[in-house]
Structures are given as C-alpha cells and as structure tokens.
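Beneath this line is the structure, given in structure tokens, with notes to follow.
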Amino acid sequence: MDGLHSTITLNNGVKMPRFGLGVWKTDNHTSRDSVATAIQNGYLGIDTARQYGNEQGTGAGIKLGLEQSGLKRSDLFVTTKLYNGEQGNYDQVSRAFENQLKDLGLDYVDLYLMHWPVDKTYLESYHAMERLYHEGKIRAIGVSNFDNDRMRKLLDEAEIIPAVNQMEFNPTNQEHGILEFDRSHKIEMTAWSPLGGGASLTDPVIEALAKKYGRSTAQIILRWEWQRNIITVVKSTHGKRIIQNSQIFDFSLSAEDVQQIDKLDQGKRALWYDDFQWHNSKGAFANSIDQWSDTKKY
Ligand code: A2P
C-alpha cells in the first residue's frame with residue numbers, strides 16, 4: 001500500500017514506516033514545531049539523534065503532535081542514535097540511552113542506531129545495544145554509515161543482525177555496493193539527506209521531470225526513492241514543504257524516468273568517516289551538539 005502509513009517489515013518482524021521526518025541541523029525549538037506539524041499531517045516516522053542536540057525539542061514535538069492528532073505513542077515510529085562520544089561498554093551506552101529516553105520524554109524507542117562506526121569502539125558498543133534491545137526498551141537496533149567491510153566485521157561478531165543501515169542516499173550518491181550487500185543480509189537501507197542536502201533539487205534532469213509530472217523537484221526525488229524501495233527520512237523546517245514532501249503517493253514515475261535518475265549517480269558522498277573517527281568529543285563535528293541545540297528546556 002502506498003502512503004504515509006505504508007510500512008516495511010524489518011528482519012525482526014517490527015514494522016517501520018517507509019517515509020518519515022528527519023531533524024538534522026534543526027534546533028530544539030524548530031524541531032518541536034516541525035515534528036508536531038509532521039505528525040498532524042500524517043507522518044508516523046520521526047528520526048533524530050543525540051548528535052543533533054534536539055532530542056528535547058523532538059520529544060516535545062512528539063507530545064504536541066500526539067495531543068493535536070489524537071494518535072497514540074504506539075502509532076509512531078521513533079528513531080534515535082547513539083552518539084560517537086558516548087560509545088563504549090554497556091554501562092556507558094546504557095547511561096547514554098537512558099538520558100536520551102529522558103530527553104525525548106519516552107519510555108521506549110522504536111529504533112536505536114549506532115550513528116557512526118567509531119573503529120575503536122563500535123563492536124563493544126553494538127554488543128551493549130544488543131543487551132539494551134533484550135531489556136525491552138528498544139524495538140529494533142541497527143547502524144548508520146557502515147560500509148561493507150565494517151558491516152562484515154560486525155556481522156561476524158553480532159548476535160543480532162542490524163535491522164537498518166542508515167546511509168546518505170540521493171540521486172548523486174546511490175551506494176549500489178552497500179545496498180546490495182545489506183539487502184542480501186536483510187538489512188534495510190534508510191536514506192539520510194535524500195535530497196542531497198538540497199543540491200539535487202536543482203539538477204536539470206530532475207527539473208525536467210518536475211515539469212513533465214507537474215510536481216516539485218523534491219517530490220520527484222522522494223518518489224524515485226520510494227520506487228527504489230529505500231526508507232526515507234526527509235528534513236524540512238517549513239510546514240508547507242513538510243506537507244508537500246509527503247504528497248508523493250498519487251503519481252508514479254515511469255520505469256524509464258526512474259532509470260534517468262539512477263544514471264545521475266556519481267558516488268559522491270557529502271560526509272564520510274574521516275569527519276567522524278573521533279571519540280569522547282574530539283575532532284570535526286564534535287561541537288555539533290552545541291551548534292544545533294539551544295539552551296531552552298522543553
Ligand atoms: P528547509 O528545512 O529550509 O525546508 P536533505 O534531507 O537531503 O538533507 O535536504 C534537506 C534540505 O532540503 C534542507 O535544507 C531543506 O530545507 C530542504 N528542503 C526540504 N524539502 C524541501 C522542499 N520541498 N523544497 C525545497 N527545499 C526543501
């Protein structure tokens with residue numbers, strides 16, 4: 001079934017919405033408003049992370065959205081991620097997770113992802129996540145930004161196959177090798193930066209398709225991802241765009257037009273490991289929590 005309620009069944013049987021809202025680079029106040037607007041307009045998937053510094057605002061948005069829509073917590077699917085600087089042994093990861101739950105104002109999350117594979121700690125951290133999963137406050141665990149070498153190493157060690165690998169995926173970065181490998185292990189790919197951080201919105205091929213179908217360029221890209229069976233979390237802080245991005249279920253791209261977008265792949269990632277091989281708040285992006293959060297409490 002096409003639509004915001006459409007789900008994919010993860011490898012542990014849990015159903016995940018195929019389309020959701022992301023809140024990267026969004027402060028607490030804006031996250032609250034975006035999340036509430038999304039829920040009011042039918043979004044069921046919400047994706048945040050410790051590193052975004054906005055779990056309090058996201059949690060407030062969930063609360064508000066549920067009040068306004070009359071939905072129940074169990075209607076939603078909330079994803080958050082383990083912060084690089086909080087990876088480590090069970091005690092460290094468990095403490096981090098409990099703080100995240102507290103900030104989100106939730107008593108469980110649907111999906112807990114390891115945000116980046118910090119080489120020194122990702123195996124130990126994943127085992128801690130497996131234990132947390134067994135304790136029952138997480139419905140599915142997974143990873144993000146794992147290439148095939150690191151995924152192979154993880155699969156050799158893991159008791160639980162990750163349900164999801166969240167990767168940058170958009171017209172210019174289609175990750176064929178990772179997608180094929182992950183799918184062969186029943187690991188679903190979720191796209192972050194599905195619009196290429198906004199850059200793909202002005203691609204001439206996408207613009208021509210937007211004209212042909214009478215849709216916005218964002219809708220063409222998101223519909224392409226939908227037809228490629230990639231779970232998508234798209235960020236916007238504008239109510240009109242949040243609504244527009246979800247209106248992709250009343251048209252479909254022809255097979256030839258899907259292929260036209262397939263051909264835009266340049267294997268061009270916006271961010272990769274070099275930026276994220278750090279632990280304990282060292283290195284690039286270490287201060288992103290301060291950058292994107294604000295001090296107001298929710
Ligand atoms: P904004 O939050 O101001 O709407 P990605 O998800 O690939 O990282 O891209 C997100 C970027 O695309 C954000 O900067 C967001 O800006 C912008 N964006 C999201 N939806 C739309 C839309 N429908 N039209 C134009 N820009 C959009």
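In each ligand, atom 1 is the first atom listed, and ligand 1 is the first ligand listed. Residue numbers count from 1 along this sequence.
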* **Closest protein heavy atom (residue, atom, distance) for atom 22 (C) of ligand 1** => R241 CD, 3.5 Å
* Nearest protein heavy-atom contact for atom 19 (C) of ligand 1: which residue, which atom, what distance? -> K235 O, 3.1 Å
Charged N to carboxylate O below 4.0 Å: is that the case for [X] and [Y]?
X    : Y    : result
D257 : K212 : yes
K235 : D47  : no
D2   : R223 : yes
K102 : D107 : no

Considering both backbone and side-chain atoms of [X], is one of its nitrogen or oxygen atoms within less than 3.5 Å of a nitrogen or oxygen in ligand 1?
X    : answer
L195 : yes
V234 : no
H238 : yes
G196 : yes

* Structure fact -> Short version for Q244: what comes under 4.0 Å of ligand 1, heavy atoms counted, is side chain
* To do: Classify the contact between P194 and ligand 1 as side chain, backbone, both or neither, using a heavy-atom distance cut-off of under 4.0 Å.
  =>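 Both backbone and side chain.
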* Asked: Can G197 be said to touch ligand 1, with heavy atoms closer than 4.0 Å?
  ->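 Yes, G197 has heavy atoms under 4.0 Å from ligand 1.
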* Asked: Hey, does L201 sit under 4.0 Å from ligand 1 if you only count heavy atoms?
  ->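 Yes, L201 has heavy atoms under 4.0 Å from ligand 1.
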* Exercise: do N54 and T48 side chains pair donor with acceptor under 3.5 Å -> yes
* **Donor on one side chain, acceptor on other, E207 and T202, under 3.5 Å** =>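 Not at all, the side chains of E207 and T202 share no donor-acceptor pair under 3.5 Å.
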Under 4.0 Å from a heavy atom of [X]: give me the atoms of ligand 1 that qualify, with their elements.
X    : result
S193 : 5 (P), 6 (O), 7 (O), 8 (O)
A218 : 22 (C), 23 (N)
T237 : 1 (P), 2 (O), 3 (O), 4 (O)
S236 : 1 (P), 2 (O), 4 (O), 19 (C), 20 (N)

* Any donor-acceptor pair under 3.5 Å from S31 side chain to T58 backbone ->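 Not a single qualifying donor-acceptor pair exists.
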* N145 side-chain N/O to H115 backbone N/O, donor-acceptor pair under 3.5 Å -> yes
* Asked: Going through the checks in order, is the ring pair (Phe, Tyr, Trp, His ring centres under 6.0 Å) test met by H176 and F169?
  -> CA-CA 10 Å; H176 297 287; F169 181 96; 8.1 Å; no
* To which of N245, V23, T202, T232 does the heavy atom nearest atom 20 (N) of ligand 1 belong? -> N245
* To do: Answer yes if the ring centres of W226 and F249 are under 6.0 angstrom apart, and no otherwise.
  => yes
